[in-house]
Amino acid sequence: MLRNRIQEAVEKAYREGVAKGAFPDVSLSASHQVVPPKQEVHGDFASNLALITASRLKRSPREMAGCLAKTLKSDPLFDKIEVAGPGFLNFFIATTWWQKNLRTIWEAGDSYGESDAGNGRLVQLEFVSANPTGPLHVGHGRGAAVGDSLARVLKAAGFNVEREYYINDIGNQMRTLGASVYLRYLEHFGHEVEFPEEYYQGDYIRDIASSIASGEGDRYLDMPQESCLTFFIDTAVKIIASDIRKDLEEFRVHYDNWFSEKTLHESGLVDRTISELQDKGYIFEEEGALWFRATALGDEKDRVVKRSNGILTYFASDIAYHRHKLERGYDLLVDIWGADHHGYVARVKAAIRALGYQEDKLHVLLVQLVNLLEGGKIKAMSTRAGEFVTLREVLDDVGSDAARFIFLTRRCDSHLDFDLDLARSQTQENPVYYVQYAHARLSSVFRNAREQGISLTKPQDIDISLLSTPEDIKLLKQLDAFPCLVADSALALEPYRVSYYLTELAGQLHSYYTRHRFIADDEDLTQARLLLADVTRRIFHKGLGLLGVSAPEKM
RNA sequence: CCGCCCAUAGCUCAACUGGAUAGAGCAGCGGACUUCUAAUCCGCAGGCUGCAGGUUCGAAUCCUGCUGGGCGGACCA
């Protein structure tokens, strides 16, 4: 990663200046950045170190930058160093470095893009965690794509990652679910029932009821609801959870753990946690209910953990659940929630502090809601009323690749319009194919080369100086940026950056493709370009893999 | 009434988290296939970054106040 190397070099030059007494010692804040400038004329990388320190040193930034430049000039990596604008240091990298770097990338093989930025820290990602009361809808799909892709990116950046799905398999809504199925079961056998409005209306409830009917017959007909409710709940949850699992599998989303809320109660952890918080003075009683004193820890209201009827709230489970997670020893917890749950962030963080942990142990990623568009109109969605577009429908319709890519081309806190017509379209407008096509084109180059009896020789024997056109250099630079991109994307918890990178890389590749032939008339040139093609293709493969999107050999 | 998020080209979104002249893709217009895949490329056009102040070397980005949209605010989940 060239950027890191330059950053270190600049900071080292600064410390040398300090040692020589050229300028006083001021701690370098994290705001020192070495980044590629927007304008090409400003070089390959720029440092703002002089700008951020000068004011504190009461020095002119340009003068400081000049000092640093003098020290850095001896490094053969740089073709030219300029002091520009208000005091930027602009670095121009020697062409030969970019070319040689291609061999380095090639040698890294399939691991290119990986880094140890995460230092082996253990991160737990919890995402989707939809209640097992119905099928996943499109909004869950977004959470799934973001969570799964983030996990892949973190792993590539040297974090250890565990993915977890929290199943709310206990409580009031489970009773409602069981009762809904029970009533449909009665209906199945021709009984007249009154189906309450607040029950689950979707057709899938009928499907579950009839599958119970065909498996178990009418043996529950004469039983009072109370005695068979548990059976209906368990069966419904089992069926729905397994459907959810199947949908996620098809979406290429995998979990390490499926964590049941029920087990938190069965093990007594919920009660134990509450009584411990009580000992610490964070729980008080009022009007017959138990409250968590969240206001003492930054939340705007105190929250009920046990209602006056003796029933624990879901928040009580959430406290115990996060405690359980914290005690498992993760360095960082990431929860991915729908943006409509933003009100929960403060109270869960308050709970974490009450449990004696730093609140920044938990990072909550809020994923904005998805508007599904068809024919330019928004499709309404309501889970209860059974009016929603399921993830499965979307997958059957547009496919996993298009869906995942669209979910991952937006930062997650922006509202997302999912245009079904666009996702469905097999042509131009659909951005997924743009990237996949680049991979397919490169694969095709190698198919043709093989047919002509050409194969890539050892990189050491290839004359890489032949890769000297502006398109070559541009591509070489973009290839170098990949590991940095992955690391940054992981540290910022922003997997969408990968899709932007790949779109840009695809643009450069397509442009290159129309201008130059990989299989050229000249043998040496062909070898050099095939090396470039091979490395580029591997980055597409790797990058698409980070998004969970396939990299087709043919399209 | 209170709180959180959003507002950038006609549309959907970027801008490396405070950096230099705000960029892509669609849509629009004009060009490029007897040569490795035209699901592609090249060019043109498109902007007072919702409005008004403030902070500093420097603001789409930070702070304040407005405007408009989304979502929350139960002993519901």
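These numbers were taken from a predicted model, which means no experiment stands behind them. Just so we're on the same page: letters track the sequence lines, and every chain starts at 1.
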Worksheet item: Quick one: is Arg447(A) getting a side-chain N or O under 4.0 Å of the U37(B) phosphate, OP1 or OP2?
Response: no
Worksheet entry | Nucleotide of A20(B), C36(B), A77(B) approaching Ser444(A) most closely (side-chain heavy atoms) | C36(B)
Item to complete: Please report the C-alpha distance between Glu494(A) and Ser489(A) in whole Å, then the side-chain angles of each, then the deciding distance to 0.1 Å, and finally whether the side chain to side chain donor-acceptor pair (under 3.5 Å) criterion is met.
Response: CA-CA 5 Å; Glu494(A) 290 179 344; Ser489(A) 177; over 6 Å; no
Worksheet item: Reckon Ala520(A) touches a base, only the sugar-phosphate, or nothing at all at heavy-atom distances under 4.0 Å?
Response: nothing
Worksheet item: In whole angstrom, what separates Leu2(A)'s CG from C16(B)'s P?
Response: 20 Å
Worksheet item: What is the distance from CG of Asp521(A) to P of U35(B), rounded to the nearest Å?
Response: 15 Å
Worksheet item: Glu494(A) near the nucleic acid: base, sugar-phosphate alone, or nothing, with a heavy-atom cut-off under 4.0 Å?
Response: base
Worksheet item: Does any N or O donor sit under 3.5 Å from an N or O acceptor when you compare the side chain of Arg497(A) with the base of U17(B)?
Response: yes
Worksheet item: Has Tyr512(A) got a side-chain N or O lying under 4.0 Å from the OP1 or OP2 atom of C36(B)?
Response: no
Worksheet item: Taking CG from Asp413(A) and C1' from C4(B), how many angstroms apart are they, rounded to a whole number?
Response: 12 Å
Item to complete: Would you kindly give the CG-to-P distance between Leu502(A) and G25(B), to the nearest whole Å?
Response: 16 Å
Practice prompt. Answer with base, sugar-phosphate or nothing: what part of the nucleic acid does Leu416(A) contact at a heavy-atom distance below 4.0 Å?
Written response: sugar-phosphate
Worksheet item: ring pair (Phe, Tyr, Trp, His ring centres under 6.0 Å) between Phe127(A) and Tyr165(A): does it pass, once the steps are laid out?
Response: CA-CA 6 Å; Phe127(A) 55 103; Tyr165(A) 189 115; 8.2 Å; no
Discussion item. Heavy atoms only, 4.0 Å cut-off, all strands: where does Phe446(A) land among base, sugar-phosphate and nothing?
Written reply: nothing
Item to complete: For Asp522(A), enumerate each residue passing the side-chain contact (heavy atoms from CB on, under 4.5 Å) test, keeping only those at least two apart in sequence or located in another chain.
Response: Asp524(A), Leu525(A)
Item to complete: Could you work out the separation of A27(B) and G10(B) based on their C1' atoms and round it to a whole Å?
Response: 8 Å
Worksheet item: Contact class for Ala84(A) vs. all strands (heavy atom < 4.0 Å): base, sugar-phosphate, or nothing?
Response: base
Worksheet item: Which nucleotide in the set C36(B), A15(B), U40(B) lies at the smallest distance from any side-chain heavy atom of Phe518(A)?
Response: C36(B)
Practice prompt. Can you tell me the distance, in whole Å, between the CG atom of Asn90(A) and the P atom of A20(B)?
Written response: 12 Å
Worksheet entry | Nearest-angstrom distance from the residue atom OH of Tyr500(A) to P of A22(B) | 19 Å
Discussion item. Base, sugar-phosphate or nothing for Thr409(A)? Non-hydrogen atoms, less than 4.0 Å.
Written reply: sugar-phosphate
Discussion item. Using O4'-C1'-N9-C4 for purines and O4'-C1'-N1-C2 for pyrimidines, with syn meaning within 90° of 0, is C4(B) syn or anti?
Written reply: anti
Practice prompt. Starting from P on G25(B), measure out to CG on Leu408(A) and report it in whole angstrom.
Written response: 20 Å
Worksheet, complete the sentence: Nearest-nucleotide check on RNA chain B, Arg303(A) vs Gly85(A); residue mapping nearer the 5' end is Gly85(A)
Discussion item. Let's test your reading of the model: under 3.5 Å, does the base of A77(B) pair with the side chain of Asp318(A) as donor and acceptor?
Written reply: no
Worksheet item: So what does Glu287(A) hit on the nucleic acid, given a heavy-atom distance under 4.0 Å: a base, only sugar-phosphate, or nothing?
Response: base
Practice prompt. Would you please classify the geometry between the Phe259(A) ring and the Tyr321(A) ring as parallel, tilted or perpendicular, with 30° and 60° separating the classes?
Written response: tilted
Worksheet item: Looking for any heavy atom pair under 4.0 Å, which part of the strands does Ser511(A) touch: base, sugar-phosphate only, or nothing?
Response: sugar-phosphate
Discussion item. Need the glycosidic conformation of U17(B): syn if within 90° of 0, anti if not. Which one?
Written reply: syn
Discussion item. Expected output check: what is the dot-bracket annotation of RNA chain B, where ( ) and [ ] are pairs inside the strand (brackets for crossing ones), | is paired with another strand, and pairs are Watson-Crick or G-U under 3.5 Å?
Written reply: (((((.(..((((.....[...)))).(((((.......))))).....(((((..]....)))))).)))))....
Discussion item. So, does Arg450(A) get its side chain near the phosphate of C36(B), meaning an N or O under 4.0 Å from OP1 or OP2?
Written reply: no
Worksheet item: Reckon Tyr496(A) has a side-chain N or O less than 4.0 Å from the OP1 or OP2 of A15(B)?
Response: yes
Worksheet item: Of all residues at least two apart in sequence or in a different chain, which pass the salt bridge (charged side-chain N to carboxylate O under 4.0 Å, His left out) check with Asp534(A)?
Response: Arg537(A), Arg538(A)
Fill in: Asp299(A) and Arg293(A) ion-paired at < 4.0 Å
no
Worksheet, complete the sentence: Considering only heavy side-chain atoms of Pro86(A), the closest of G23(B), C75(B), C57(B) is C57(B)
Practice prompt. Report which part of the nucleic acid His439(A) touches: base, sugar-phosphate, or nothing (heavy-atom distance under 4.0 Å, all strands).
Written response: nothing
Worksheet item: Hey, is the side chain of Tyr437(A) pairing donor to acceptor with the base of A38(B) inside 3.5 Å?
Response: no
Worksheet item: Nearest nucleotide by nearest heavy atom, which residue falls closer to the 5' end of RNA chain B, Asn172(A) or Leu89(A)?
Response: Leu89(A)
Fill in: OP1 or OP2 of U17(B) under 4.0 Å from side-chain N/O of Gln33(A)
yes
Discussion item. Please give me the minimum heavy-atom distance between Leu89(A) and Ile81(A), naming the atom from each residue.
Written reply: CD2-CG2, 3.9 Å
Discussion item. Applying a 4.0 Å non-hydrogen cut-off, can you work out what Ala449(A) is touching in the nucleic acid: base, sugar-phosphate, or nothing?
Written reply: nothing
Worksheet item: What's the closest nucleotide to the Leu51(A) side chain, out of A20(B), G19(B), C71(B)?
Response: G19(B)
Discussion item. As a test of reading the structure: which of A20(B), G72(B), C75(B) is closest to the side chain of Val304(A), going by heavy atoms?
Written reply: C75(B)
Worksheet entry | Is_stacked (His341(A), G72(B)) at 5.5 Å, 30 deg | no
Worksheet item: Any idea which of C36(B), A20(B), C75(B) is nearest the Ala289(A) side chain?
Response: C75(B)
Worksheet item: So which nucleotide from C75(B), C36(B), U37(B) ends up closest to the side chain of Lys554(A)?
Response: U37(B)
Worksheet item: Out of C36(B), C16(B), A39(B), which nucleotide sits closest to the side chain of Pro36(A)?
Response: C16(B)
Discussion item. Taking the minimum atom-to-atom distance to the side chain of Asp340(A), which one of U12(B), A39(B), G72(B) wins?
Written reply: G72(B)
Discussion item. Taking any heavy-atom pair under 4.0 Å as a contact, classify Asn131(A): base, sugar-phosphate, or nothing.
Written reply: sugar-phosphate
Item to complete: Ignoring the backbone of Lys301(A), work out which of A74(B), A77(B), U37(B) is nearest its side chain.
Response: A74(B)
Discussion item. Just to be sure I understand the rule, does His42(A) reach a base, reach only the sugar-phosphate, or reach nothing, if contact means heavy atoms closer than 4.0 Å?
Written reply: base
Worksheet item: Taking the inter-plane angle between the rings of Tyr496(A) and Tyr500(A) on a 0 to 90° scale, is it parallel (under 30°), tilted (30 to 60°) or perpendicular (over 60°)?
Response: perpendicular
Discussion item. Output the rounded distance in Å from CG (Asn48(A)) to P (U17(B)).
Written reply: 9 Å
Item to complete: Give the intermediate values and the outcome of side-chain contact (heavy atoms from CB on, under 4.5 Å) for residues Trp337(A) and Val345(A).
Response: CA-CA 9 Å; Trp337(A) 298 346; Val345(A) 179; 3.8 Å; yes
Worksheet item: Do the ring centers of His510(A) and Tyr434(A) come within less than 6.0 Å of each other?
Response: yes
Worksheet entry | Base of A20(B) and ring of Phe88(A) stacked, centres under 5.5 Å, planes under 30° | yes
Worksheet item: Among Lys477(A), Lys80(A), Arg3(A), which residue meets the salt bridge (Lys or Arg N to Asp or Glu O under 4.0 Å) test with Asp44(A)?
Response: Lys477(A)
